[in-house]
Q: 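Take this structure first; my questions come after.
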Amino acid sequence: MKLKRIKRIVIILFSLLAFAVFLWFISWQILLFYLKDITEDRLTQLFQTPVSLQKVQILEWKSWNQLIIQVDDLRLKGTPTDSVTQVAYANQVSAIIPIVDIFLKKDTIHVHNLMVDSLFLDFYVDNDRKKNYKLFKPYEPNRVKGPSWVQFHNSYIRACKFNYYFKLHQRDYQFELQNIYPQLTIRKEDLDIQLDLEGYSRYLREKETQFMENASIKFHYNATIKKHKQDNTFKECKMEIGSVPIEIEGRFYLGWERDYDLKLNVLNANTDSLLNLFPKEIQDKIKVYDIKGNINIVGKINGKWKPEFHVNFWADYVNITNTITKVGLHHLSLRGNFFNGGEKGKTFAELKVDTLSGFIYQKPFLANFIIKDFNRFFLNGHFEM
C-alpha cells in the first residue's frame, strides 16, 4: 500500500512538473511572439513618442525576472516638424530588463547594463520653432501611462553623433562623442541625469560664422530636469573644450518664456587653447601675433529671453609679440569687466578695462579705457608711459 501511494505521489508530481513545463513553454512562445510589440509599446510609454524597432532577441534568461535582450535598429520618431522625421536612432541596444515587472506594469522599473553600440541624435527646430526632441513630456495623469520611476544602472554608449539645427536662425552644431557613461532616473514629473563623456565638436555654426572646429571635449554633467517647465537645475557641470576648463552652476528654463540664472567660471585658460576656439577668420587675422599667457573669466547670466551678461576678467604676465616685426607687449596685467544688458527695452553693451599695464619697447606703460555702444564704438580712456 505504501509503495502504491508513493508511486501515485511521484506520478502526480511528474504530471504537475510536466504541466508547469508545458505552461512555461507556451508562455515563452507567446512572449517571443509578442516581444517586439511589447518592447515598442513600453518604450513608447517611457519616451512618450512613437518608437519602432526591427528585431528583439533574448540573449539569456538570467533569473525568473531578468532577461538579457538585444534590440536592433531602434528609432524614436519625436515631435513632428516640417522635415526631420526622427530624433534618435540606435544601431544596437542591449540591457538586462525585469521582464515580469514590465509585463505586470509595475510602478518601479530597474534596468541594468544598458549598452548602446552606435547612437545618432538629430535635434531640429523648424521656422515655426517646433522642436522634434520634445520627448519626456509633462506629466498628465489622464494621459501618461507607464511606470512612475525608471532607473538605468551601469549604462554605456560606445559612440554617438549629435546634430542640432535651428532652421530659423541658421544655427548648426555637430558633435562626435564616445565613451559616454550616462546615469538616468526618469520620473513622471522630472528626471535626474548624469553624463560623463569625451569626444570633439566637428563645428559650431551661427549663420556664416563657424567656430570650435575639431575641438576636443570632455564633459561631466549632473542635473535635474523638470518636465513641465523644461527647467534644468545643475548640480554639477564641468567641461573641457580644447583644453579650456569651464564650470557652470545654476539653472535655466527653456520653456516658452526663457529664464536664465547661471554662473560661469573659466579659470587659468591658456590663450593658445582659447584662441583655437575662435572662428577661422579671426584666427587668420591674429596669427601674425604670438600670444602667451593665461586668462580668467568669471561671469553671470541672468534674465529672460535676452539675458544680461556680467563678466569679470583678469590676466597676468601675458606676452603679445608680432612674429614679423618682433615688436610686442610684455608682462601684461589686465583687469576689467563686460556688461551686456538693457534699460526700458534698449539693449547696450559696455567693456571696461580698469587697469592695463605692461612693457612696450622695454618701457612701462599704464592705461585704462571704456567702450560703450559697440555699434557706434564710443571709446574713452587714458594712457601714460
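Owing to the predicted nature of the structure, the values given are computational and were not obtained by experimental measurement.
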Q: Taking atom CG of Asp272 and atom CG of Leu277, what is their separation to the nearest 0.5 Å?
A: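 The distance works out to 11.0 Å.
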Q: Please answer: with hydrophobic residues joined when any side-chain heavy atoms are less than 4.5 Å apart, are Leu204 and Ile248 in the same cluster?
A: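 Linked within one cluster.
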Q: Could you tell me how the ring of Tyr156 sits relative to the ring of Tyr181: parallel (under 30°), tilted (30 to 60°) or perpendicular (over 60°)?
A: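 Rings of Tyr156 and Tyr181: tilted, as their planes differ by 30° to 60°.
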Q: Going through the distances and angles, do Asn337 and Asp354 end up as a side-chain contact (heavy atoms from CB on, under 4.5 Å)?
A: CA-CA 8 Å; Asn337 61 79; Asp354 297 308; 3.8 Å; yes
Q: Determine, stepwise, if the pair Gln283 / Asn276 fulfils side-chain contact (heavy atoms from CB on, under 4.5 Å).
A: CA-CA 7 Å; Gln283 292 186 45; Asn276 284 336; 3.9 Å; yes
Q: Out of curiosity, Phe152 CZ to Ile193 CD1, how far, rounded to the nearest 0.5 Å?
A: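 These two atoms lie 11.0 Å from each other.
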Q: Would you say the side chain of Asp172 lies within less than 4.5 Å of the side chain of Gln210, judging by non-hydrogen atoms?
A: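 In short, these two side chains do not touch, never coming nearer than 4.5 Å.
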Q: Rounded to the nearest 0.5 Å, what's the gap from CD1 on Ile68 to CD on Glu60? Could you check?
A: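 Reported to 0.5 Å precision, the distance equals 4.0 Å.
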Q: Checking Lys285 against Glu281 for the salt bridge (charged side-chain N to carboxylate O under 4.0 Å, His left out) test, could you report, in this order, the C-alpha distance in whole Å, the side-chain angles of both residues, the deciding distance, and whether it holds?
A: CA-CA 6 Å; Lys285 290 179 180 179; Glu281 295 80 4; over 6 Å; no
Q: State whether the side chain of Asp72 and the backbone N or O of Gln54 hold a donor-acceptor pair below 3.5 Å, judged by distance alone.
A: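 Looks like no, no N/O pair under 3.5 Å.
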Q: Out of curiosity, does Ile97 fall in the hydrophobic cluster containing Leu59 (side-chain heavy atoms, cut-off under 4.5 Å, transitive links)?
A: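 No: no chain of side-chain contacts under 4.5 Å links Leu59 to Ile97.
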Q: If you round to the nearest 0.5 Å, how far is CG of Leu275 from CD1 of Ile286?
A: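 So the gap between those two atoms works out to 4.5 Å.
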Q: Measure the shortest side-chain to side-chain distance between Leu332 and Asn319 over non-hydrogen atoms and say whether it is less than 4.5 angstrom.
A: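 A side-chain contact under 4.5 Å is absent here.
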Q: Determine the interplanar angle of the Tyr317 and His331 rings, folded into 0 to 90°, and report it as parallel if under 30°, tilted if 30 to 60°, perpendicular if over 60°.
A: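 Because their plane-to-plane angle is over 60°, the rings of Tyr317 and His331 count as perpendicular.
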Q: Between Val71 and Leu43, is any pair of side-chain heavy atoms under 4.5 Å apart?
A: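 No, too far: nothing below the 4.5 Å cut-off.
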Q: Answer whether the closest heavy-atom distance between the side chains of Phe162 and Arg202 falls below 4.5 Å.
A: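 Side chain of Phe162 against side chain of Arg202, heavy atoms only: no contact under 4.5 Å found.
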Q: Tell me, with the steps shown, if Glu40 and Leu53 meet side-chain contact (heavy atoms from CB on, under 4.5 Å).
A: CA-CA 7 Å; Glu40 288 180 338; Leu53 49 93; 3.6 Å; yes
Q: Using the rule that Ile, Leu, Val, Met, Phe, Trp and Tyr join whenever any side-chain heavy atoms are under 4.5 Å apart, tell me whether Phe313 and Val298 fall into a single cluster.
A: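 No, because Phe313 and Val298 fall into different hydrophobic clusters, even though each may have its own neighbours under 4.5 Å.
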Q: In Å and rounded to the nearest 0.5 Å, what is the CZ to CG distance from Phe175 to Leu177?
A: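 Phe175 CZ to Leu177 CG: 7.5 Å, rounded to 0.5 Å.
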Q: Return the minimal non-hydrogen interatomic distance between Lys326 and Thr323, and the atom names on each side.
A: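 Where Lys326 meets Thr323 most closely, the heavy atoms are NZ-O, 3.1 Å.
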Q: State whether a side-chain donor-acceptor pair under 3.5 Å links Gln178 with Tyr200.
A: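 Absent: no donor and acceptor within the cut-off.
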Q: Any side-chain heavy-atom pair from Met239 and Ile217 closer than 4.5 angstrom?
A: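 Side-chain contact under 4.5 Å: no.
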Q: Determine whether more than 12 heavy atoms belonging to other residues, nucleotides or ligands lie under 6.0 Å from atom CD of Glu208.
A: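 Open.
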Q: Side chains of Tyr203 and Glu213: is there a donor and an acceptor less than 3.5 Å apart?
A: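 No pair is found: no donor N or O on one side chain lies under 3.5 Å from an acceptor on the other.
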Q: Got Val125 and Leu168 here, is their nearest side-chain heavy-atom distance under 4.5 Å?
A: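 Side-chain contact under 4.5 Å: no.
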Q: Do the side chains of Gln86 and Lys77 get nearer than 4.5 Å, heavy atoms only?
A: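 They are not in contact (no side-chain heavy atoms under 4.5 Å apart), so the answer is no.
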Q: Supply the atom-to-atom distance Leu329 CG to Ser357 OG, rounded to the nearest 0.5 angstrom.
A: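 Here the interatomic distance stands at 11.0 Å.
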Q: For the hydrophobic clusters of this structure (ILVMFWY residues joined by side-chain heavy atoms under 4.5 Å, transitively), does one cluster hold both Phe47 and Tyr89?
A: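 Different clusters.
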Q: Any chance you could lay out the salt bridge (charged side-chain N to carboxylate O under 4.0 Å, His left out) test for Lys238 and Glu236, step after step, and finish with the verdict?
A: CA-CA 7 Å; Lys238 296 181 179 180; Glu236 188 177 18; 3.6 Å; yes
Q: Are Met115 and Leu121 co-members of a hydrophobic cluster defined by side-chain heavy atoms under 4.5 Å apart?
A: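 Cluster IDs for Leu121 and Met115 differ.
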